Amino acid sequence: VEKWSHEDVARAEAVNGYVNFFLNRVNFAAETLESVLKAGENYGSSDMGNGKTICLDYSSINIAKRFHIGHLSTTMIGHSLRRIYDFLGYKTVGINHLGDWGTQFGKMICAYKLWGNEEEVEKGGVNELVRLYVKFHEEAEKDPALDDQGRAWFKKIEDGDEEALRIFNWFKALTLRDTERVYKLLGVTFDSYAGESFYNDKMDRVINELKEKNLLTISEGASIVDLSEDNMSPCIILRSDGATLYATRDLAAIYRHDTYHFDKCLYVVAYQQDLHFRQIFRVLEKMGYEWAKDCVHVAFGMISYEGQALSTRKGHVVYLEDLLEQAQKKALDIINEKSPNLPNKEDVARQVGIGAVVYTDLSNNRIKDVDFCWDRALNFDGESGPYVQYTHTRCCSVLRKAAEMSLPEADMNALTDDEAQALLRLLGRFPDVIKEAAEKYEPSMITRAVTDIAQAYNKFYYEHRILDGEPATAAARVALTKATKDVIKTGLWLIGIEAPERM
Ligand code: ARG
């Protein structure tokens, strides 16, 4: 150790059996800044995924139901993972596996025929469909024959009856029309909307294959795959009346492998469906598909609102569209109070309001439950979306002022203080954070990283005058500000949050 030397190491010391290396702070600052500034907003991107495909099943809403905040996590985790994988060079396929199959749709058509009319449904959209569905259940309690009618309508959908299909597809279009408004606000998109009904004509193949491979057994009239060896309850493939199930349709996703030849297929679905996915993946494995190991259930916890659990049954529901609406309003109130002269106030309020909601959703380990609380979401001083966005605007403002000065070449000796070094370390680590987030399917790691970077920048900003010092020092601090701005913007982008330039 005595003789050892390297230009990036300032000194090495032996302490209690450890060897401590001290980095050369000047070199470290110069190298880190150079790699960030050279790549700009692409810093941290990679071609490691070139030639590989990742399918992501996320959001996967149910037709004729309103989009409530229970579906926020699947939507945003999936959307963020997709951006992360894109950034790392993978080809990604975003799939909205619509819940558009089941007897409830027969009941809904039945209710529509009895009590609905075209105009009201067209006008009321999903709300009207929900109203009809609730009425159906009330009436069916009094008159059980209605259930048979509902089933008969579903049979018609299954058999491809023209009228039944027309109404069913119309209900679907209405639901998607209402949902699309929310996706647009969130910036979320998909490559495919192939949901459960899409697999209707693809299940026979799977059922036959299960039979050929001697995996199907009959139990109480139902066809099942026994999984007792694996300590799991059986996977039911066909009910005793011959009807297929949610699981049957997920097995038909063999189609996904045939179509996309994925290297991984991620199912971003609540942890309540843990058993379901373990069963499906095990059945695929028993069928001899070695790629079953590439199917991953990316599970997440529950969301509550202001400390209260959500329950459709108890009538405690929060619709996502209402939540986003309120978030934008509250953000606008704050902007009106703090910066009344800001141009494009409405647009900034949209970015900040949505950012507050999305940040909350992606701020913890995904498996942890999330509580949505306004005070925390919109706290400009705490760990929040607006706080990180605000730091980004602070950097932008420094850069705008710097653009009006003519600064000399930066002197890296100006970045050896503890605050600058702490910030540089976080920036230097950012590319690894992205890779780790991809590996662990954990967007919250990026949320954490941008928050740490924002905090480190603010600390640096308070401790040092950025523009007033010696010109070569100012130039170095401006360069660090530019690097910070780029990384925050990229990080926010990767978790699905916009970065305004002023707010
Ligand atoms: N529609 C389902 C739900 O809302 C989620 C579907 C998830 N994807 C899947 N391939 N099973 O619970």
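Note that ligands are numbered from 1 as they come in the structure, with each ligand's atoms numbered from 1 the same way. Each residue takes its place number in the sequence, starting with 1. Computed from a predicted model, the values in this text were never measured in an experiment.
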Proximity to ligand 1 by part of [X], non-hydrogen separation under 4.0 Å:
X      : result
Phe277 : side chain
Leu98  : neither
Thr74  : neither

Examine Phe281 together with Tyr267 and report whether their ring centres are nearer than 6.0 Å.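 Yes, the ring centres sit under 6.0 Å apart.
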
Sub-4.0 Å heavy-atom approach of His71 to ligand 1: yes

Please determine whether any non-hydrogen atom of Glu196 lies less than 4.0 Å from an atom of ligand 1. no

Only one of Lys91, Arg82, Arg256 passes salt bridge (charged side-chain N to carboxylate O under 4.0 Å, His left out) with Asp191; say which it is.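 Output: one option passes, namely Arg82.
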
Can you tell me which residue and heavy atom of the protein come closest to atom 6 (C) of ligand 1, and the distance to 0.1 Å? Tyr246 OH, 3.3 Å

Which residue and atom name correspond to the protein heavy atom nearest atom 12 (O) of ligand 1, and how close is it?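 Ranked first by proximity to atom 12 (O) of ligand 1 is Gln273 NE2, 3.0 Å.
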
Tell me whether Arg256 has any N or O atom under 3.5 angstrom from an N or O of ligand 1. no

Considering distance alone, does some N or O of Ser60 sit under 3.5 Å from an N or O of ligand 1? yes

Is Lys213 close enough and on-axis enough to Tyr289, meaning under 6.0 Å and within 45°, for cation-pi? yes

Is it true that the NZ or CZ of Lys113 lies under 6.0 Å from the centre of Trp153's six-membered ring and within 45 degrees of the ring axis?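 Not satisfied by the 6.0 Å and 45° rule.
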
Mind checking the CG-CG spacing from Leu81 to Leu362? Nearest 0.5 Å is all I need.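 Leu81 CG to Leu362 CG: 9.0 Å, rounded to 0.5 Å.
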
Distance filter under 4.0 Å to Tyr267 heavy atoms, resulting ligand 1 atoms: 10 (N)

Near Val269, which atoms of ligand 1 are under 4.0 Å from a heavy atom of that residue? 7 (C)

Could you tell me if Ser444 and Asn365 have a donor-acceptor pair between their side chains, going purely by distance under 3.5 Å?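 Ser444 and Asn365 do not have a side-chain donor-acceptor pair below 3.5 Å.
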
So does Ala438 get a backbone contact from the side chain of Tyr85, meaning a donor-acceptor N/O pair under 3.5 Å?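 Indeed, once roles are kept as given, a pair shorter than 3.5 Å links the two residues.
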
